[in-house]
Amino acid sequence: MERYNFNIIEEKWQDFWEKNKSFKTVADKNKKKFYVLEMFPYPSGKIHMGHVRNYTIGDVLARYKSMQGFNVLHPMGWDAFGMPAENAARENKLDPKEWTNSNITTMKNQLKKLGLSIDWDREISTCSEDYYKHQQIFFLELLEKKLIYRKENYVNWDPVDETVLANEQVIDGKGWRSGAVVERKKLSQWFFNISKFSQDLLDGLDALDSWPNKVKTMQKNWIGKSFGCEIEFKIEGQLPIDKIKCFTTRPDTLFGFSFLALSIDHEISSFYKDNKEFIDFKEECSKTGTTEEAIAVGEKIGFKTNLKAINPLNPSQKVPVYFANFVLMDYGFGAVFGCPAHDQRDFDFAKKYNLEIKTVVRPHEKDKNFKVENEAYSGPGVIINSEFLNGFEAPNNSVIETIKILEEKKLGKKQINYRLKDWGVSRQRYWGCPIPVMYDQDGKVHPVPKSMLPVKLPENIDLNVKGNPLDSIENWKQIEIDGKKYTRETDTLDTFVCSSWYYLRFCSPNEKNYGFEKSDIDYWMPVDQYIGGVEHAILHLLYSRFFMRAINFENKDFNIKEPFQSLFTQGMVCHETFKDEKNNWLNPDEVFSEDGKNFFSIKEKKQVKVGPSESMSKSKKNTIDPEKMINNYGADSVRLFIMSDSPPEKDVQWSTEGMEGSFKFIQKLWSLNKKFTDKIKKNEKGVNDDTIIKYTNSLINKITNNLENFRYNVIIANFYEMYNFLNKELEKPVSKKVLIDNYYIILKLLNPFVPHFASECLEKFSEFKKDNNEWPKANEKLLAEEKVKIVVQINGKKREILETTKDISENEILDMINSNDKLKNYLYKKELIKKIFVPNKIINLIIK
RNA sequence: GGGGCGAUGGCGGAAUUGGUAGACGCGUCGGUCUUAGGAACCGAUAGAGCAAUCUGUGAAGGUUCGAGUCCUUUUCGCCCUACCA
């Protein structure tokens, strides 16, 4: 039999789709829209399996929704600014633009080879002037709305990449890309005022029903709302300071107060800047840093000042003031009131410096003599040793009551605090969107006039300089407007800014004057289904949500707050890892195995160590090249496999055997196709018509339901079952019309998953049938006619399965049981105590 | 330390609301065809037993006519987060 030649057929259909612009979309108010978006890729060179999985999931949905009659927007673009381009350019003496654009060309071709239903006319690239021009306009708008500001701040300085990192880009005290230990440096930076929307971003989460709870929880924790109060402590000492503000969630433990701790960056530290001991102490703090180990060891160290803090509820109590390494400047006021008995950090600190540990909360289950001794107690209980606070239930009542008292006495006030900090967007890099501002000779900020936008990146520059290359391009940096001299801002924007609004640009990719056109946004937004990796759960998704709010702010024409209606986070693609005897990683291509258990290197024929399956990464060399797989097995097979082995939200393990299985299945479908067409020509009498009709009908139902719930792996199993079933059932005679109608349906069901194969079969099939490409609908009446299997249990144990028509009564099933020899035996001479009957499911007889 | 998710055959995984546990695939075993097959096709495949049948969803208990699914306790694994006052 003729084998299915994917090479010819896939190329044929990809050409067809391209020439006919099959996936071009235009806004059409008469049609219901559906916006499918996958997170756009960074053009790093070649696509990887993660992309294949991400874009296949989206493509299946896009094709399905389109067959359902939706006007589907399914675009693709490039997150094209960023450091890898600059680094690669520096190493290979290339232009970052050329490097990026050549990667885009390669990856675009690879994506096309996957057969994705993308409207390539909407392709965007964030590094093109067309794109970043509008980003600069947004920047100036937000600047005018005072949602962007400049401040001098400590930043995370990556000494290897020579750039500032956002807090989120620092992992265990190291740069997320370079891995270098991050240093603290004070620089003037641009900030987006994301914290202004803390509460709104938090509240908005509740409405996002179709987002994974996991992601919502992560964002919630990141925003980190906490309820408490600010307290002003009076200060005594030799310095011109009379008070220090603290934020606390436990004002009710004020009577357990035994020290006040300040961040080393607290403004009061300026009085100690020449104090040698304090300088040494700061040095010591920076050594412990914020690494994982340091926190695990968690040594609390402090520097005692000559100041005393007065307890506002008990003015006769005066406690020492320390600088301490565990106090963060950017949370609360950079000052903490220490209550050792009920906070573990304070407890550790008090132990070290022999400070008083006074118990003021007694757990309910403990008696009057309860005393905190070996560790702090932070659970619920009753307030004790606290004068007028005694007896309050902690923490709920006691906190509220204490705040009330403090407010009455004007010693403090209720406050809600958020962990979320403003978003620092300045990057000292070349390959990013220029910030469209300039400074006059007094250093005052001026927006670049809109008529002069975009501020273009200079080309053909020398990247091999220390620091930011833009800083050294004098003829770009210095400008003159109306005879006045200005210096340009040389920092560029964090690339997360680019990805915070790209989904809007896809709606109006060619709009010249603004980032989008209102009518397009009104029609297409929000994104109906967003698909991507969970690694963007916080940053990208939170920034995008912020960006919508920022555009929305003081803007009557724009009323979108949430960009992504529904979110799906797919799992990673994994593979075993291999290491040779010298502990060098080996690519799966470099090893072979005869029994599937023992692996040997191809080069040296020596046994290699097989490591656990981990997510594919270049560093561990456990990657499989998608293009190679497509060349070997065809895009449809690769699509089929990437979806077959695991639920899309979980990690999937790449396996050669599985890949081959999918390839073989396409061949089987091809033989089934022949079987159908041959049989149609035979024109038989329809003995088996009913079976085929009902089976197809229930298949439509199953696949549609599974599609709606992203259970793609189950759908692939449904297709295997279908093959096994039909392959047998077609042995019996089926009438021509039934064959035609039902096979036509099956081809349409297959279409979103294996589009080249299905298109080819559908085209060939047009000799028998051709109407439209509409998604088949199950016939409810036929579904109701299906037979059901009723489980017969006796004393809760399964004894028999009876096949019946739907909705038969309890008496009817009892009759069937009584006439069944096997079941009769169980019931012989027994007393029936109870019957449980669940229609169409089960009957359970309890006997004695 | 805090939060979340998970644990089902040799493996990946199926199993609406509690209602046939192990769909489907991979692997393995057997067979057919073949000079040969690592191709194709057919069959078997949770464990124990000749069988009827019994036992089985990390462990222990509970609710229920009935638990992979619900509750309590517990063990292990993964992910996120991290001195947040």
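Throughout, a chain's letter reflects where its sequence line sits, starting with A, and its residues are numbered from 1.
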Base, sugar-phosphate alone, or nothing: which one does A:I846 contact when heavy atoms must sit under 4.0 Å apart?
-> sugar-phosphate
Could you note down all residue pairs passing side chain to side chain donor-acceptor pair (under 3.5 Å) where residues 256-268 of chain A supplies at least one of them, sequence neighbours left out?
->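 Output for this query lists A:R184-A:D265.
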Residues forming a side chain to side chain donor-acceptor pair (under 3.5 Å) with A:E708, sequence neighbours excluded =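 Per chain and number, A:E708 pairs via side chain to side chain donor-acceptor pair (under 3.5 Å) with A:Y64.
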ring-ring contact (aromatic ring centres under 6.0 Å, His included): pairs with one or both residues in residues 329-348 of chain A, sequence neighbours excluded |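 Found A:F257-A:F337.
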Using the glycosidic torsion, which applies to B:rG9: syn (within 90° of 0) or anti (everything else)?
->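 In terms of base orientation relative to the sugar, B:rG9 is syn.
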Using atom C1' of each nucleotide, how far apart are B:rG66 and B:rG19 to the nearest Å?
-> 7 Å
Have a look at A:V652 and say if it touches a base, only the backbone sugar-phosphate, or nothing, with a 4.0 Å heavy-atom cut-off.
-> nothing
Say whether, by atom type as modelled, one donor and one acceptor occur between the side chain of A:N311 and the main chain of A:L254 under 3.5 angstrom.
->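 Yes; at least one donor-acceptor contact below 3.5 Å.
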Which is true for A:N713 with a 4.0 Å heavy-atom rule: it touches a base, it touches only sugar-phosphate, or it touches nothing?
->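 Sugar-phosphate contact only.
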Any side-chain donor paired with an acceptor under 3.5 Å for A:S613 and A:Q653?
->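 Short answer, yes.
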Partners of A:M49 by side-chain contact (heavy atoms from CB on, under 4.5 Å), sequence neighbours excluded?
->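 A:M49 satisfies side-chain contact (heavy atoms from CB on, under 4.5 Å) with A:V52, A:V573, A:M616, A:I624, A:P626, A:M629, A:I642, A:W654 once adjacent residues are dropped.
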Which part of the nucleic acid, if any, lies within reach of A:K797 when heavy atoms closer than 4.0 Å are counted: base, sugar-phosphate only, or nothing?
-> sugar-phosphate
Nucleotide nearest A:L328 when distance is taken to its side chain, options B:rC83, B:rA23, B:rG43 | B:rC83
One should report the stems of RNA chain B, each a stretch of at least three consecutive Watson-Crick or G-U pairs at distances under 3.5 Å, as B:1-7 with B:75-81, B:10-12 with B:24-26, B:27-32 with B:40-45, B:46-48 with B:53-55, B:58-62 with B:70-74
side-chain contact (heavy atoms from CB on, under 4.5 Å) involving A:K352 - partner list, sequence neighbours excluded = A:E299, A:I301
Kindly compute the distance separating CD1 (A:I842) from CG (A:L802), expressed to the nearest 0.5 Å.
-> 11.5 Å
I'd like a table of atom pairs between the protein and nucleotides 19-21 of chain B - only N or O on both sides, under 3.5 Å - with the distance next to each one.
unit_1, atom_1, unit_2, atom_2, d
B:rG19, N2, A:Q793, OE1, 3.4

Quick one: label A:K225 by what it contacts on the DNA or RNA (base, sugar-phosphate, nothing), any heavy atom closer than 4.0 Å.
->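 Nothing: the residue A:K225, judged by heavy atoms under 4.0 Å, touches no strand.
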For A:S617, enumerate each residue passing the side chain to side chain donor-acceptor pair (under 3.5 Å) test, keeping only those at least two apart in sequence or located in another chain.
->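 A:S617 satisfies side chain to side chain donor-acceptor pair (under 3.5 Å) with A:S619 once adjacent residues are dropped.
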Restricting both atoms to N or O, compile the protein contacts to nucleotides 25-29 of chain B shorter than 3.5 Å, with distance only.
unit_1, atom_1, unit_2, atom_2, d
B:rG25, OP1, A:N724, ND2, 3.4

Quick one: list whatever passes side chain to side chain donor-acceptor pair (under 3.5 Å) with A:D645, sequence neighbours left out.
-> none
Compare side-chain N and O positions of A:R799 against OP1 and OP2 of B:rA52 and report whether any pair is under 4.0 Å apart.
->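 False: A:R799 side-chain N/O out of range (4.0 Å or more) of B:rA52 OP1/OP2.
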Which sits closer to the 5' end of RNA chain B, A:N795 or A:F326, going by the nucleotide each is nearest to?
->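 Its nearest nucleotide lies further toward 5', so the answer is A:N795.
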Contacts of A:Q199 that satisfy side-chain contact (heavy atoms from CB on, under 4.5 Å) - sequence neighbours left out =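 Checked A:Q199 against side-chain contact (heavy atoms from CB on, under 4.5 Å); matches are A:L202, A:D203, A:K225, A:Y418.
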Check: A:S644/A:N713 side-chain N/O donor and acceptor closer than 3.5 Å = no
Distance only, no hydrogens: is a donor on one side chain within 3.5 Å (strictly under) of an acceptor on the other, for A:D252 and A:S398?
->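 Note: A:D252 and A:S398 side chains meet the donor-acceptor criterion.
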Do you see a donor-acceptor pair shorter than 3.5 Å between the side chains of A:N727 and A:K675?
->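 There is such a pair between these side chains.
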With rounding to whole Å, what would you report as the distance between B:rA14 and B:rA82 at their C1' atoms?
->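 Rounded to whole Å, the distance is 38 Å.
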Go through B:rU81, B:rG3, B:rC83 for me and flag the one nearest to the A:T217 side chain.
->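 So the side chain of A:T217 is nearest to B:rG3.
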Below 4.0 Å: OP1/OP2 of B:rU81 and any side-chain N or O of A:R419 | no
A correct 5'-to-3' footprint of nucleotides 74-80 of chain B, with B, S and - meaning base, sugar-phosphate only and no protein heavy atom under 4.0 Å, is ------S
